[in-house]
Amino acid sequence: MGSQGFNGQKNGKRLGITDPISLGGPSEYDVIKTKELEEFLAGAGLYETHEEAIRREEVLGRLDQIVKVWVKKVSRARGLNEQLVQEANAKIFTFGSYRLGVHGPGADIDTLCVGPRHADRDEDFFGELKKMLLETPDVTELHPVPDAHVPVMRFKLYGVSIDLLYARLSLWVIPDDLDISQDSILQNADDKTVRSLNGCRVTDQILSLVPNIQNFRTTLRCMRFWAKRRGVYSNVAGFLGGINWALLVARICQLYPNALPNMLVSRFFRVYTQWRWPNPVMLCAIEEGSLGLQIWDPRKNPKDKFHLMPIITPAYPSMNSSYNVSASTLRIMTEEFKRGHNVCEAMVLNNGSWLELFEPYRFFEAYKNYLQIDIVAECDEDMMNWKGWVESRIRYLVLKIERDTFKLLQCHPHPGDFLDRSNPFHCSYFLGLQRKEGVSVNEAKKFDIRLTVDEFKGNVGSYTSWKPGMDINVTHIKRKDLPAYVFPGGIRPTRLARVSVEERRAPDTSVASSLDAGTSTDVNVVDGPVDDSRKRKREEDDELTAPKLLVNDGLPTNGFSVGVPTVAPEGTNVIAPEGVSVNDLVGRSGAKTEILYQNDEAISGQLVSGETEKLATEKLMSGEYEFVQQLEELEELDGSIQDKNLGGTAKENDMESSAIKEVTSSVPISNNTTGACSGLQVNGSLEELEAFELDVPLPMATHATAAAQRKPIIRFNFTSLAKATGNST
Ligand SMILES: Nc1ncnc2c1ncn2[C@@H]1O[C@H](COP(=O)(O)OP(=O)(O)OP(=O)(O)O)[C@@H](O)[C@H]1O
Ligand SMILES: [Mg+2]
């Protein structure tokens with residue numbers, strides 16, 4: 001094996017919560033491929049020029065001057081004596097991609113202004129500083145967002161985009177060499193300050209927890225570029241954003257401390273293809289801290305149980321940075337990890353290339369059916385606000401559609417919007433729709449998501465800053481009817497159904513391969529007849545869920561031993577007949593089960609595997625949870641995948657494989673936890689999830705209330721757009 005340059009420790013401390021998977025150094029192949037990768041990234045225009053880098057430094061220097069003048073002005077206005085005014089200080093820190101050193105040309109700079117106790121957020125930062133920025137001629141496009149979870153002032157300084165946060169410390173004087181990595185900095189800080197400090201503290205921690213910063217940077221640049229090309233870079237759409245990709249890459253760097261970027265990229269795909277979510281990815285143990293701030297802990301905090309792909313920030317108070325990920329976006333990302341893994345494996349056999357790895361995902365060729373969400377407003381400012389709000393709600397539409405179709409209809413949100421070239425105040429978001437593998441066309445034809453869409457529009461319509469002219473429309477369209485403005489240059493390609501390289505490579509697993517030939521999924525989202533008869537609905541429900549495992553209609557209600565196998569085959573759907581509880585059925589079958597509830601009553605379940613999952617069943621039976629979801633176990637890579645990059649012996653390869661298995665399977669949560677995350681995810685309802693995010697307090701009897709309020713799963717009612725958005729009143 002190559003050099004053993006790094007033993008997994010930095011300053012005598014072990015990096016990471018486990019030992020590295022491999023201490024192996026680079027082979028000649030890795031050196032060549034890494035050089036090739038660096039050239040590829042440079043060729044793709046990912047690095048800024050020297051002049052641009054200098055300009056950014058000048059911009060930051062100017063910003064620092066501005067806040068220093070500001071803090072003196074504020075101190076004087078507060079009546080501080082002249083000596084204190086002269087000593088008054090504020091300081092600019094950077095974080096995000098700029099601080100990590102992975103930003104591209106034109107990227108924004110995430111900055112934090114740290115000020116003293118007498119410079120407050122509302123009056124001084126969003127008041128006086130805003131006024132000063134408005135009066136600075138080099139500042140343009142100033143857009144303060146004081147009410148955000150993390151309040152921010154957005155603007156351009158000399159044309160460079162700046163996000164400026166504010167942290168008000170309890171100090172009278174901010175020293176120029178202030179160290180914000182100490183936890184004591186959080187003492188007596190308000191919540192917004194704690195959240196605002198978090199970005200900087202996290203970025204600094206990441207840099208201190210990776211074994212080799214240069215290799216980390218190149219690998220992260222590569223993964224960020226890859227994620228953007230494959231359409232999985234977007235926090236708001238439910239994929240991953242800058243911080244998440246940074247944490248995922250940093251963990252791989254810890255696991256392979258002596259590897260070069262080529263190998264780190266290949267191991268990134270290998271490890272995350274096998275990762276058993278919702279085991280969390282963490283760079284260090286979660287510290288309980290002494291300040292009593294809430295930290296991520298799904299055993300204690302109900303809302304943390306919703307997280308499907310936890311990626312935990314390393315600075316106190318540790319949080320999950322990827323709470324937006326849903327079952328659908330996790331599925332899509334997992335498919336993409338598999339595709340990446342396949343391309344990297346093929347590259348070793350000289351059968352693939354970097355170009356192929358970064359091939360853009362062809363979203364508008366991948367599906368036959370789409371949902372188009374049109375947004376209109378009357379001016380730029382309204383458009384920006386309205387669009388931002390709707391965009392942040394789209395992931396709920398995805399969750400609701402999957403809920404209301406028993407997850408038989410799958411949704412793929414496209415990150416970002418498309419501007420209608422003919423109307424600057426009209427843009428569209430798109431969701432790709434496909435029926436789940438194995439669902440027949442006839443079953444799919446039953447999908448009726450009119451009320452799901454209606455519910456979504458109703459929620460979007462609750463926007464507190466709604467203004468006349470802000471409107472939304474949701475339509476189901478076929479691929480051939482996509483508007484021309486979604487295509488590059490606004491020109492519709494002549495032949496859409498081109499099969500791309502990766503589809504040929506992995507026809508069965510790629511998301512893109514789900515193009516179905518000749519058949520279509522009819523999704524009804526337009527006005528239709530109203531029929532809420534319970535009986536008819538039950539029949540409809542039954543028809544769209546398949547294959548059925550059952551149980552004669554005439555079965556006695558007191559037992560299920562007749563006709564129900566002890567362990568049902570994987571993927572079997574279970575539907576209880578009238579008067580019969582699926583709980584009983586599941587209890588009997590002793591299987592991991594996904595259950596859908598309707599008006600407090602279990603109506604359908606899907607057996608995920610034949611094993612008994614005691615906890616899930618217990619929780620379910622005790623009625624503590626009304627929606628239990630068990631992630632399907634991620635497919636394990638079979639033994640045929642060998643560690644070719646290391647050029648190691650079969651024994652070494654086996655050792656790496658089993659080390660990966662160990663690392664991906666069970667993650668201890670905190671220092672003083674002997675147990676581990678079980679891999680079992682017990683979720684709450686969608687209503688609760690939305691309430692949590694909107695910070696709406698839930699009533700005590702949350703579970704029962706949420707279930708009771710839930711409307712039937714397939715509904716036939718349809719209210720008009722005007723009503724949903726509040727226009728009609
Ligand atoms: N969901 C989150 N959880 C925790 N911290 C976050 C989250 N989103 C953003 N941050 C903090 O804000 C910083 C800046 O976020 P931003 O979305 O600008 O990402 P970035 O890494 O700068 O990438 P980009 O180049 O896309 O701007 C992150 O590095 C992180 O510290
Ligand atoms: Mg940024």
Side-chain angles (χ1 to χ4, degrees), residues 45-48 56 59-60 93-112 145 148-156 160-167 180-181 191-210 216-217 219-229 231-250 280-283 286 293-296 303-304 306-325 329 388 391-392 395 415-416 692-693:
L46 295 192
Y47 295 86
E48 67 182 1
R56 280 180 191 276
V59 165
L60 285 169
F93 291 85
T94 59
F95 62 106
S97 58
Y98 177 78
R99 170 81 177 91
L100 286 174
V102 296
H103 62 289
D108 65 354
I109 310 184
D110 298 294
T111 58
L112 167 75
V145 196
H149 191 60
V150 183
V152 58
M153 198 115 73
R154 300 215 144 102
F155 54 91
K156 284 190 175 173
V160 175
S161 298
I162 306 274
D163 272 7
L164 180 62
L165 313 184
Y166 183 59
I180 55 169
S181 65
D191 289 354
K192 286 175 179 171
T193 290
V194 171
R195 289 198 286 266
S196 301
L197 282 164
N198 191 258
C200 281
R201 290 166 50 82
V202 166
T203 312
D204 287 355
Q205 272 289 82
I206 294 175
L207 291 172
S208 77
L209 286 167
V210 294
F216 164 71
R217 283 187 172 138
T219 311
L220 179 54
R221 264 187 203 280
C222 168
M223 293 315 305
R224 284 164 54 95
F225 182 54
W226 172 84
K228 286 174 187 172
R229 295 285 277 240
V232 290
Y233 188 102
S234 166
N235 215 306
V236 63
F239 297 106
L240 304 181
I243 182 68
N244 314 115
W245 292 109
L247 292 167
L248 289 186
V249 169
V281 170
M282 311 193 298
L283 299 187
I286 296 175
L293 299 170
Q294 196 177 71
I295 51 172
W296 183 80
K303 76 173 161 51
D304 296 346
F306 290 103
H307 301 162
L308 299 179
M309 192 187 193
I311 303 171
I312 310 305
T313 56
Y316 177 74
S318 284
M319 296 180 247
N320 173 24
S321 59
S322 53
Y323 49 82
N324 277 354
V325 172
T329 51
E391 185 180 25
S392 73
R395 68 188 196 90
F692 277 127
E693 185 156 296

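Worth knowing before you read on, the calculation uses all heavy atoms, side chains too, and leaves out hydrogens, waters and symmetry mates. Both ligands and their constituent atoms are indexed starting at 1 by order of listing.
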What are the two closest non-hydrogen atoms of Leu165 and Ser196, and how far apart are they?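 So the two residues come closest at CD1-O, 3.7 Å.
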I want to check something: taking the side chain as every heavy atom from C-beta on, are [X] and [Y] in contact at a cut-off of under 4.5 Å?
X: Val232; Y: Trp226; value: yes
X: Arg224; Y: Ser97; value: yes
X: Phe155; Y: Leu164; value: yes

Does the side chain of Asn244 pick up a donor-acceptor pair with the side chain of Asn235 at under 3.5 Å?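 Judged by distance alone, the side chains do pair up.
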Side chains of Asp163 and Ser161: do they bring a donor and an acceptor to under 3.5 Å?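 Result is no, nothing qualifies.
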Any donor-acceptor N/O pair, Tyr316 side chain to Leu293 backbone, under 3.5 Å: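 Pair found, side chain donor or acceptor close to backbone of Leu293.
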Any N, O or S atom of Asp110 closer than 2.8 Å to the Mg ion (ligand 2):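 Yes - counting backbone and side chain alike, Asp110 has an N, O or S atom under 2.8 Å.
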With backbone taken as N, CA, C and O and side chain as the heavy atoms from C-beta onward, which portion of [X] lies under 4.0 Å from ligand 1: side chain, backbone, both, or neither?
X: Arg224; result: side chain
X: Val202; result: neither
X: Phe95; result: side chain

I'd like to know if atom 17 (O) of ligand 1 has any protein heavy atom within a distance of less than 4.0 Å.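 Protein heavy atom within 4.0 Å of atom 17 (O) of ligand 1: absent.
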Testing Asp110, Leu60, Leu112 one by one against Thr94 for a side-chain contact (heavy atoms from CB on, under 4.5 Å), which residue passes?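 The residue from Asp110, Leu60, Leu112 that satisfies side-chain contact (heavy atoms from CB on, under 4.5 Å) with Thr94 turns out to be Leu60.
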Among Val102, Ile311, Leu240, which residue meets the side-chain contact (heavy atoms from CB on, under 4.5 Å) test with Trp245?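 Of the listed residues Val102, Ile311, Leu240, the side-chain contact (heavy atoms from CB on, under 4.5 Å) partner of Trp245 is Leu240.
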Heteroatom distance test (Asp110, ligand 1): nitrogen or oxygen, under 3.5 angstrom: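 So ligand 1 has an N or O lying under 3.5 Å from an N or O of Asp110.
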Counting each atom of ligand 1 from 1 as listed, which ones have a heavy atom of [X] under 4.0 Å away?
X: Ser321; answer: 1 (N), 2 (C), 3 (N)
X: Gly199; answer: 31 (O)
X: Asp108; answer: 27 (O)

Return the closest protein heavy atom for [atom] as residue, atom name and distance.
atom: atom 29 (O) of ligand 1; result: Gly96 CA, 3.3 Å
atom: atom 20 (P) of ligand 1; result: Ser97 N, 3.6 Å
atom: atom 6 (C) of ligand 1; result: Ile243 CG2, 3.9 Å
atom: atom 19 (O) of ligand 1; result: Gly242 CA, 4.0 Å

Does at least one non-hydrogen atom of Tyr233 fall below 4.0 angstrom from an atom of ligand 1?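 Checking ligand 1 against Tyr233, which is what was asked, there is a heavy-atom contact under 4.0 Å.
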